[in-house]
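So the structure is just underneath, and the comments pick up after that.
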Amino acid sequence: MYFTTYSTIETILREATGEENVLLTGGGDHADLASTVAFAMAKREKKNPAALAAQIKAAIEGPLAEKGVIVTTIGPYINFVFGPSYVASAVQDALGEGYGALPLRDGKVCIEHTSANPNGPLHVGHIRNSVIGDTLARVFRKAGFDLEVQYYLNDMGRQIAIVSWGFDHLEIPQNEGEKDDHYVARVYVAANRAITADESIKAEIDRRMGLIEQGDPEMVEKFRRAVSLCAEGIKATLARLNTPHDRFVWESSFVQDGSMAAILERIEALPEASHDGILAVDLAAFGFEKEYVLRRSDGTSVYAARDLAYHHWKGDHFDRLINVLGADHKLIGAQLQATMELLGETVPEIVFFEFVSLPEGSMSTRAGKFVSADQLIDEVTEKAFDEVTVRRPELPEEERRSIAAAVAVGAVRYDIVRVSQEKSTVFDWKTALDFERQSAPYVQYSHARACSILDKAGDFEPAFTYTTEAECALAKHLGLFPVVIRTIVDELRPHHLAIYARECADLFNAFYHQDPVLKAEGEIRNARLTLVKAAQNTLKEALETLGIDAVRSM
RNA sequence: GGGCUUGUGGCCUAGCCUGGAUAAGGCGUUAGCCUCCUAAGUUAAUGAUCAGGGGUUCAAAUCCCCUCAAGCCCGCCA
């Protein structure tokens, strides 16, 4: 409804002013939409902007009144207030199943996210990637895209060589009940310590790197075992977070099937290639000082070479590629994009997010200095269970556990996704365990509250007449959900959805406190119940698009 | 040294790309609200030189330049 109303206003304003850009902005407290076009025209025509605004208003208020939009002016500002017919349509729309969905689009999209190295468990830095990536994926699906989500598994890197060496030489037993990925991290940390103590081990790591590239069966098996062990643990964590992948792509497959060799051959033929004993690409034309090295002097390939082959493969299968990467990958990501462009390949779009650090400094798997995602979820779940037990002691334990799990995962995801991705953050236990106002539990609670009212109401006849301020503000905001979905797809900034969901909850709570629903009578009761249903449906859709369970009771 | 990103009340965050009407929330602090649809809620009070300086503009938190501060990157690691 918003889209059509917006374009109606835009068209009529264009006709009346002859301006291509009619400068529509949000109306703030004054209106639902406003135009500052009178300022621009006044400047050019050297006229009084307020007088122009009045003239424009006179020309457009008739046609817009027919469409249910009220036009007013305050000085040079032309304000548009959406009337009762808009409000009714917005509520009507918001009742629909799968509300927020946009029409299907052509083309296949691939989103790659998380792709953490399988040398330990996901930590609170990695899951910023997972949550941003998964939320984007959910939004893209809602926006009508055919989508596949991938995890690129770096299974032949140096750190895997180190892990495999650790398994062979350090004889570190797995602890009772220890998750596989946590076990792998302990081996990795210990192996790194051994290397620091004894430099000669490095030669053995290099030897393993050479063997893996040649496809030596024994070494392939050693690497595969270590990587699988870790990857299964990572998958379990991803499942707890509601951030599933459609496909895990193993880096080594591009070496084995010859596609990496093929793309390196194409690069060798490029005028930008440099063969100084190594293979590298000169990207000076793109503003990069350093060459992009793809093959070492000993003939082995570096990560970037496999990454090019992976992206070539993705380009063959998808029309649009989106990668979610940490800010530390900005340079290498831009080099990848430039090289793909040189090759005439599909250039991936990259969503970068800034770092999550600990109060004492940045995280490091190698140093064993990190807060794991599992530990975070465990502790938040425990806290959530205590909170549920205090509030709802009458519920059976199983139900309290289930609510606590939904609240905990929601809290973790929401805290991550609500902050825009270009801001670096510092992880803090106190904040993580705080279910205060701007959190998932707050939004979930509003949804549960709406469910409770609907349960008590029984059957009612839908009605769409709204008069109070709280009713109209809520109804209009519900109407914005599809706009938010489109904005996120355009900007690749999922935090908008977190903000939107919270605003819906704010407005629902304001309505709840100002306008009685069950105690109202007749048409007012029916209209308010209809609005509660619309709010409940929108909150549910928004929460689910955030990957958060919309529990009916908490 | 070069590049990228960030800097908004005591603390955290939105707004910045697409300039416009009194800078929006939360936490904290203070004082209230459950014989009333779930108080994980809500009302009010408190609190901002939008890092600093300059510029563009009728209009700057928003655009441009400089300075300062923080984080990240600049490897034949990933």
Side-chain angles (χ1 to χ4, degrees), chain A residues 21 23-31 34-36 39-40 42-43 49 74-77 79 115-117 119 154 156-160 209 251 276-280 287-291 293-298 300-304 306-307 326-332 334 352 354-355 357 362 384 387-388 390-392 407 411 418-426 428 430-431 434-446 448-457 491 493 495-496 498-499 502-503 505-506 509-510 512-520 528-529 532 553-554:
Chain A
N21 184 357
L23 302 171
L24 284 169
T25 67
D29 296 338
H30 307 275
S35 168
T36 55
F39 284 106
K43 170 129 171 98
I74 301 177
Y77 294 92
N79 292 326
S115 302
N117 288 327
N119 55 359
N154 304 138
M156 53 182 297
R158 191 164 198 90
Q159 67 295 114
I160 306 306
M209 293 292 285
E251 180 183 9
D276 208 10
I278 58 169
L279 176 63
F288 299 106
E289 279 180 45
K290 302 274 171 77
E291 289 192 319
V293 176
L294 301 176
R295 196 161 53 209
R296 303 182 180 97
S297 51
D298 68 1
T300 60
S301 60
V302 300
Y303 166 85
R306 280 101 66 177
D307 210 17
D328 54 336
H329 286 66
K330 275 188 181 177
L331 178 60
I332 196 112
F352 290 108
E354 288 290 334
F355 262 53
S357 56
S362 47
E387 298 273 342
V388 182
V390 168
R391 289 162 219 273
R392 305 293 298 277
V407 165
R418 60 183 253 271
V419 181
S420 49
Q421 56 236 30
E422 64 274 11
K423 289 223 184 190
S424 51
T425 61
V426 178
D428 167 47
K430 188 168 164 285
T431 312
D434 189 6
F435 305 141
E436 287 304 328
R437 212 170 173 278
Q438 294 188 327
S439 64
Y442 169 71
V443 181
Q444 288 172 308
Y445 182 77
S446 305
R449 184 179 251 176
C451 287
S452 167
I453 293 173
L454 293 168
D455 286 345
K456 289 191 171 129
E491 299 182 7
R493 291 164 63 74
H495 77 287
H496 289 305
I499 306 297
R502 198 210 74 224
E503 287 167 347
D506 285 341
N509 284 325
Y512 171 91
H513 286 282
Q514 277 158 48
D515 299 326
V517 178
L518 295 177
K519 286 191 173 163
R528 288 187 181 162
L529 279 167
V532 171
S553 166
M554 61 188 279

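Proteins come first, then strands; the chains are lettered A, B, ... in the order of their sequence lines, and each starts at number 1. We use all heavy atoms of the structure for the numbers below, so side chains are in, but hydrogens, waters and symmetry mates are not.
- Listed by chain and residue number, A:Thr300 satisfy the side chain to side chain donor-acceptor pair (under 3.5 Å) test with A:Asp298 (two or more places apart in sequence, or in another chain).
- B:G75 sits 16 Å from B:G3 when the P atoms are compared, rounded to a whole Å.
- For the OP1/OP2 pair of B:A14 and a distance below 4.0 Å, the side-chain nitrogens and oxygens of A:Ser420 include at least one atom meeting the criterion.
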Under a 4.0 Å heavy-atom criterion, the protein footprint on nucleotides 69-78 of chain B, written with B, S and -, is ---SSSSBSB
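- In this structure, A:Ala457 reaches neither bases nor backbone, as no heavy-atom distance under 4.0 Å exists between it and the strands shown.
- Comparing the same atom, C1', in B:C36 and in B:U42 gives a spacing of 13 Å after rounding to whole Å.
- Following rounding to the nearest Å, A:Lys43 (NZ) and B:G19 (C1') show an atom-to-atom distance of 14 Å.
- Here A:Phe39 pairs with A:Tyr77 under the ring pair (Phe, Tyr, Trp, His ring centres under 6.0 Å) rule; sequence neighbours left out.
- For the residue pair A:Ser115 and A:Asn154, the shortest heavy atom distance occurs at O-OD1, 3.9 Å.
- Atom name C1', nucleotides B:G10 and B:G55: the rounded distance is 33 Å, in whole Å.
- With A:Arg418 contributing its side chain and A:His495 its backbone, the two residues share no donor-acceptor pair below 3.5 Å.
- For A:Gly157 against A:Glu251, the heavy-atom pair with the smallest separation is N-OE1, 4.5 Å.
- For the OP1/OP2 pair of B:C11 and a distance below 4.0 Å, the side-chain nitrogens and oxygens of A:Lys430 include no atom meeting the criterion.
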>> Show, in sequence, the C-alpha distance, side-chain angles and deciding distance for A:Arg296 and A:Val302, and conclude whether the side chain to side chain contact (heavy atoms under 4.5 Å, CB included) test is met.
In response: CA-CA 7 Å; A:Arg296 303 182 180 97; A:Val302 300; 3.8 Å; yes
Letter by letter from the 5' end, nucleotides 38-46 of chain B scores (B base, S sugar-phosphate only, - none; protein heavy atoms under 4.0 Å) BSBSS----
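- Residue-environment remark: CG (A:Asp455) exceeds the threshold of 12 foreign heavy atoms within 6.0 Å.
- When the C1' atom of B:G20 is taken as reference, atom CG of A:Asp29 falls 14 Å away, rounded to whole Å.
- Under the stacking criterion of a centre-to-centre distance below 5.5 angstrom and an interplanar angle below 30°, A:His495 is not stacked against the six-membered ring of B:A14.
- To the nearest whole angstrom, the two P atoms, one in B:A24 and one in B:G15, are 15 Å apart.
- Between the side chains of A:Tyr442 and A:Asn509, at least one donor N or O lies within less than 3.5 Å of an accepting N or O.
- Counting any heavy atom pair closer than 4.0 Å across all strands shown, A:Asp434 reaches no nucleic acid atom.
- Between A:Glu503 atom CD and B:A24 atom P the separation is 14 Å, expressed in whole Å.
- Distance noted for atom P between B:A14 and B:C66: 26 Å (whole Å).
- Within the 3.5 Å criterion, the main-chain N or O of A:Ile278 finds no donor-acceptor partner in the side chain of A:Asp276.
- Across A:Ser446 and A:Ala505, no two heavy atoms sit closer than the pair OG-CB, 3.4 Å.
- Nearest to the side chain of A:Ile74, among B:A21, B:U5, B:G20, sits B:A21.
- The glycosidic torsion of B:C63 lies more than 90° away from 0, placing the base in the anti range.
- When the C1' atom is used for both B:A51 and B:U6, the distance is 11 Å, rounded to whole Å.
- In this structure, A:Phe352 places its CZ atom 10 Å from C1' of B:C4, rounding to the nearest Å.
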Does the pair A:Asp506 and A:Arg437 meet the rule for a side chain to side chain contact (heavy atoms under 4.5 Å, CB included), with working shown?
CA-CA 10 Å; A:Asp506 285 341; A:Arg437 212 170 173 278; 3.5 Å; yes
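- Using atom C1' as the reference point in both B:G7 and B:A48, the two lie 14 Å apart (nearest Å).
- Here the separation of B:C73 from B:C63, taken at their P atoms, is 26 Å to the nearest Å.
- One can place CG of A:Leu24 at 15 Å from C1' of B:G19, the figure rounded to the nearest angstrom.
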Dot-bracket assigned to RNA chain B with the 3.5 Å Watson-Crick/G-U criterion, [ ] for crossing and | for other-strand pairs, is (((((((..((((......[...))))((((((.......))))))....(((((..]....))))))))))))....
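- Heavy atoms of A:Asp455 sit nowhere under 4.0 angstrom from any nucleic acid atom.
- Take A:Thr431 and apply the side chain to side chain donor-acceptor pair (under 3.5 Å) test, not counting sequence neighbours, and it matches A:Asp428.
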